[in-house]
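Structure first, commentary second.
Each residue takes its place number in the sequence, starting with 1. Since the structure is predicted, the reported quantities are computational estimates derived from the model, not experimental observations. Whatever order the structure lists ligands and atoms in, that order sets their numbers, starting from 1.
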Amino acid sequence: MDNRPIGFLDSGVGGLTVARELMRQLPHEEIVYIGDSARAPYGPRPAEQIREFTWQLVNFLLTKDVKMIVFACNTATAVAWEEVKEALDIPVLGVILPGASAAIKATRAGNVGVLGTPMTIQSDIYRQKIQDLSPETQVLSLACPKFAPLVESNSHQSSLAKKVVYETLGQLKGKVDTLVLGCTHYPLLRPIIQNVMGQGVKLIDSGAECARDISVLLNYFEINHSRTAEKKGHKFYTTASPAAFREIAESWLGSVIDVEHVTL
Ligand code: DGL
């Protein structure tokens with residue numbers, strides 16, 4: 001047993017899609033979440049800057065005495081996960097491997113699409129991980145630089161969002177039977193993405209897949225939160241406005257949350 005919280009990091013609110021899955025799958029666990037909304041999106045930034053920001057988020061979480069860190073951000077996973085994992089003596093999980101494995105399992109015709117931020121797509125990491133495991137699978141990758149800002153500005157249900165998703169995904173239509181949402185912000189756009197791609201396309205939420213892996217690791221290291229121990233409650237931190245963060249978070253998580261501003 002280990003009653004310390006699990007640390008989550010993201011460039012902003014996207015990692016909430018992973019946190020929600022964790023809360024659903026493992027209701028006894030406690031979360032400390034940091035979202036760097038003041039500097040989001042990370043996707044168009046140079047790798048060196050993403051690396052520096054990610055380390056700041058990691059170091060912040062370490063001050064909260066977390067027992068595990070989840071990179072609830074594909075972009076940070078693509079750039080800095082390997083390095084952080086090597087450097088820390090607690091488990092560090094990323095969202096990319098779980099998403100890649102789930103896509104291989106799901107595809108019937110061997111045609112997988114991957115959506116991500118410019119950095120995630122440029123890193124080519126999804127294609128590499130998918131083809132390492134399944135060399136015959138074809139991967140079509142597409143950067144969607146306009147998607148994360150729509151979510152950060154709470155416009156993911158707007159008519160603008162529908163227009164942007166429709167225009168961006170047109171080139172993938174009919175070409176893939178499985179589509180990886182390779183950015184944790186994208187599950188908030190899921191109904192629109194599904195509608196544009198058609199009901200026959202299987203969408204893979206890499207965050208939800210990652211939550212299943214967290215459960216496996218907690219069991220493996222025997223560091224689950226005790227079911228009977230007192231809980232302090234989840235804690236959320238943002239580098240931007242707590243009110244804006246709270247609005248998106250509470251509607252996505254369906255519960256009232258404790259959120260505080262932090263300067264890194
Ligand atoms: N949520 C992030 C991801 O999964 C990053 C979005 C961004 O800041 O560009 O890639």
Side-chain angles (χ1 to χ4, degrees), residues 7-22 33-58 69-82 84 92-100 102-103 113-127 129 141-156 161 164-165 168 179-190 193 203-211 213-214 236-240 244-245 248-249 252-253 264:
F8 277 68
L9 64 83
D10 182 47
S11 62
V13 294
L16 291 168
T17 62
V18 193
R20 182 171 89 159
E21 270 304 308
L22 187 92
Y33 182 106
I34 171 85
D36 193 7
S37 292
R39 300 187 292 195
Y42 278 12
R45 293 181 181 275
E48 197 40 51
Q49 199 175 44
I50 297 169
R51 187 178 159 271
E52 183 193 334
F53 292 174
T54 304
W55 267 111
Q56 290 173 354
L57 300 176
V58 166
I69 291 183
V70 179
F71 274 41
C73 175
N74 290 261
T75 310
T77 305
V79 172
W81 173 64
E82 300 268 359
V84 173
V92 181
L93 256 93
V95 269
I96 290 177
L97 267 178
V114 176
L115 308 180
T117 67
M119 177 52 73
T120 301
I121 298 306
Q122 187 192 316
S123 76
D124 204 28
I125 189 163
Y126 267 104
R127 194 191 55 74
K129 298 292 179 200
S141 305
L142 183 67
C144 307
K146 295 183 178 160
F147 286 13
L150 281 171
V151 175
E152 280 295 318
S153 60
N154 206 4
S155 313
H156 49 284
V164 167
V165 173
T168 311
L179 186 62
V180 179
L181 306 180
C183 170
T184 54
H185 282 69
Y186 300 176
L188 286 125
L189 291 162
R190 185 179 186 128
I193 296 174
L203 300 187
I204 303 292
D205 176 344
S206 49
E209 301 300 327
C210 172
D213 281 17
I214 296 171
F236 296 83
Y237 295 90
T238 174
T239 55
F245 186 95
I248 301 177
W252 180 250
L253 300 174
L264 295 173

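Judged purely by atom type and a 3.5 angstrom limit, S37 has no side-chain atom pairing as donor or acceptor with the backbone of G35. For the pair S206 (side chain) and L181 (backbone), a donor-acceptor distance under 3.5 Å is present.
Heavy atoms only, all atoms of each residue included: P98 and D213 are closest at CG-OD2, 3.5 Å. A pairwise comparison of heavy atoms in A72 and T184 identifies O-OG1, 2.8 Å as the closest pair. Pairing each heavy atom of I96 with each of A78, the nearest pair is CD1-N, 3.8 Å.
Nearest protein heavy-atom neighbour of atom 1 (N) of ligand 1: H185 ND1, 2.7 Å. Of all protein heavy atoms, the one closest to atom 10 (O) of ligand 1 is T75 OG1, 2.6 Å. For atom 7 (C) of ligand 1, the closest heavy atom belonging to the protein is Y42 N, 3.3 Å. Nearest protein heavy-atom contact of atom 9 (O) of ligand 1 is G43 N, 2.8 Å.
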Problem set entry | Steps toward side chain to side chain contact (heavy atoms under 4.5 Å, CB included) verdict (V70, L9) | CA-CA 7 Å; V70 179; L9 64 83; over 6 Å; no
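Residue contact annotation: G12 has no non-hydrogen atom under 4.0 Å from ligand 1.
Heavy atoms of D10 found under 4.0 angstrom from ligand 1 belong exclusively to the side chain. In T117, the part holding a heavy atom less than 4.0 Å from any atom of ligand 1 is the side chain. Counting heavy atoms closer than 4.0 Å to ligand 1, residue C73 contributes atoms from both its backbone and its side chain.
Near S11, with a cut-off below 4.0 Å to any heavy atom, the atoms of ligand 1 are 5 (C), 6 (C), 7 (C), 8 (O).
Between N74 and ligand 1, at least one pair of N/O atoms sits closer than 3.5 Å.
Between F8 and Y33, the angle of the ring planes stays under 30°, which puts this pair in the parallel group of the 30/60° scheme.
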